[in-house]
Amino acid sequence: KEEVKMKYLVTILKMLMLMTMLTLMPLSAYAEEIKGRLSLSNYYSFDSESSDLHVLSSRIRIYKEESKEPGWYFNFNGRVRAKIFDGDLHEDSPEFKLMELWAGYKFPNGKFKAVLGRQYIEEMYNSYIDGLNVEYFITKDIGIGIFGGLAPDRYDSSFNSNFTSIGVYGEIDKEKYDLKMGYENMRYKG
């Protein structure tokens, strides 16, 4: 059993290293501005009444924050998880989950920015899209935006074309308060 568990741990570590390398290689030009976080979790439960459960998880986040200057910024946030019952890999394992993978660009005039990819729409509650989000700033602290694209599956966050989403939002971001309002129209199979 220990040999099988170690084999799965090594497999997850290899997948994590591959994901990291594929993400970092094209981004070497921004190396001094790239930040990240890596976590590994090993949970083991022995139950004499029931089956043993062993869960191996890894999570990685690599990002470049938006700066005051025009230019590119991005975010990659994903997870790999494997469940082992009584020494055997569970049939649904390993599970890959992509929370965010997007690239954004802040235009030189400072009034426009656009983000493309899987993203969380900060101005809305619980809204993720696989698409485009464009924001226009009327002043430095008042902005309006529009987004649209496919929406990840609401149950397992997988990419599919069954859900589509389009929305609009506005925000006022002052030093003492922050107000965000928006509307989203999500449709299932058109």
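Fair warning: this is a prediction, and the values are worked out from it, not measured in the lab.
The side chain to side chain donor-acceptor pair (under 3.5 Å) check on Lys106 picks up nothing, with sequence neighbours excluded. Contacts of Tyr169 classified as ring pair (Phe, Tyr, Trp, His ring centres under 6.0 Å), with partners at least two apart in sequence or in another chain: none. For Phe163, the ring pair (Phe, Tyr, Trp, His ring centres under 6.0 Å) partners two or more places apart in sequence, or in a different chain, are Tyr188. Residues satisfying the ring pair (Phe, Tyr, Trp, His ring centres under 6.0 Å) criterion with Tyr120, sequence neighbours excluded, are Tyr128. For Glu65, the salt bridge (Lys or Arg N to Asp or Glu O under 4.0 Å) partners are Lys35, not counting sequence neighbours. With sequence neighbours left out, Glu66 forms a side chain to side chain donor-acceptor pair (under 3.5 Å) with Lys113. The salt bridge (Lys or Arg N to Asp or Glu O under 4.0 Å) check on Asp141 picks up Lys174, with sequence neighbours excluded. Applying the salt bridge (Lys or Arg N to Asp or Glu O under 4.0 Å) rule to Lys68 yields no partners; only residues at least two apart in sequence or on another chain are considered. Partners of Asp173 by side chain to side chain donor-acceptor pair (under 3.5 Å), not counting sequence neighbours: none found.
Across all their heavy atoms, Asn109 and Lys111 have their closest contact at OD1-N, 2.8 Å. The two atoms that bring Ala114 and Leu132 nearest to each other are CB-CD1, 4.4 Å, heavy atoms only. Shortest non-hydrogen contact noted between Gly148 and Ile129 is O-CD1, 3.6 Å. Taking both residues in full, the closest heavy atoms of Arg59 and Asn77 are given as NE-OD1, 3.5 Å, listed atom of the first, atom of the second, then distance. Residues Asn75 and Arg61 approach most closely at OD1-NE, 3.1 Å, considering heavy atoms.
Between Glu100 and Arg118, no side-chain nitrogen of the basic residue sits less than 4.0 Å from a carboxylate oxygen of the acidic one, so the salt-bridge criterion is not met.
In the hydrophobic clustering (ILVMFWY side chains linked at under 4.5 Å, chained through shared members), Phe159 is joined by Leu150. With a 4.5 Å cut-off between side-chain heavy atoms of Ile, Leu, Val, Met, Phe, Trp and Tyr, the cluster of Val115 takes in Tyr73, Trp102.
Between Lys97 atom NZ and Ser158 atom OG the span is 10.0 Å, to the nearest 0.5 Å. Taking CD from Glu33 and CZ from Phe74, the interatomic distance works out to 9.0 Å, rounded to the nearest 0.5 Å. The CG atom of Leu98 lies 8.0 Å from the CG atom of Asp130; values are rounded to the nearest 0.5 Å.
Both Ile60 and Ile34 belong to a single network of hydrophobic side chains, linked directly or stepwise wherever heavy atoms of I, L, V, M, F, W or Y lie under 4.5 Å apart. In terms of hydrophobic clustering, with Ile, Leu, Val, Met, Phe, Trp and Tyr side chains grouped at heavy-atom distances under 4.5 Å, Ile142 and Met181 are assigned to a common cluster. A chain of hydrophobic side-chain contacts below 4.5 Å, direct or via other Ile, Leu, Val, Met, Phe, Trp or Tyr residues, connects Ile144 to Leu179.
Within a 6.0 Å sphere centred on CE of Met186, other residues, nucleotides and ligands contribute more than 12 heavy atoms.
In terms of modelled atom types and a separation under 3.5 Å, the side chain of Gln119 and the main chain of Gly117 share a donor-acceptor contact.
Taking the six-membered ring for Trp and the full ring otherwise, the centers of Tyr105 and Phe107 sit less than 6.0 Å from each other.
Residues Ser57 and Val80 are not in side-chain contact: their nearest non-hydrogen atoms beyond the backbone lie 4.5 Å or more apart. In this structure, the side chains of Phe147 and Val134 stay at 4.5 Å or more apart for every pair of heavy atoms.
Pairs of residues two or more places apart, or lying in two chains, that qualify as salt bridge (Lys or Arg N to Asp or Glu O under 4.0 Å) and include a residue from residues 177-186 are Glu171-Lys180, Asp178-Lys180.
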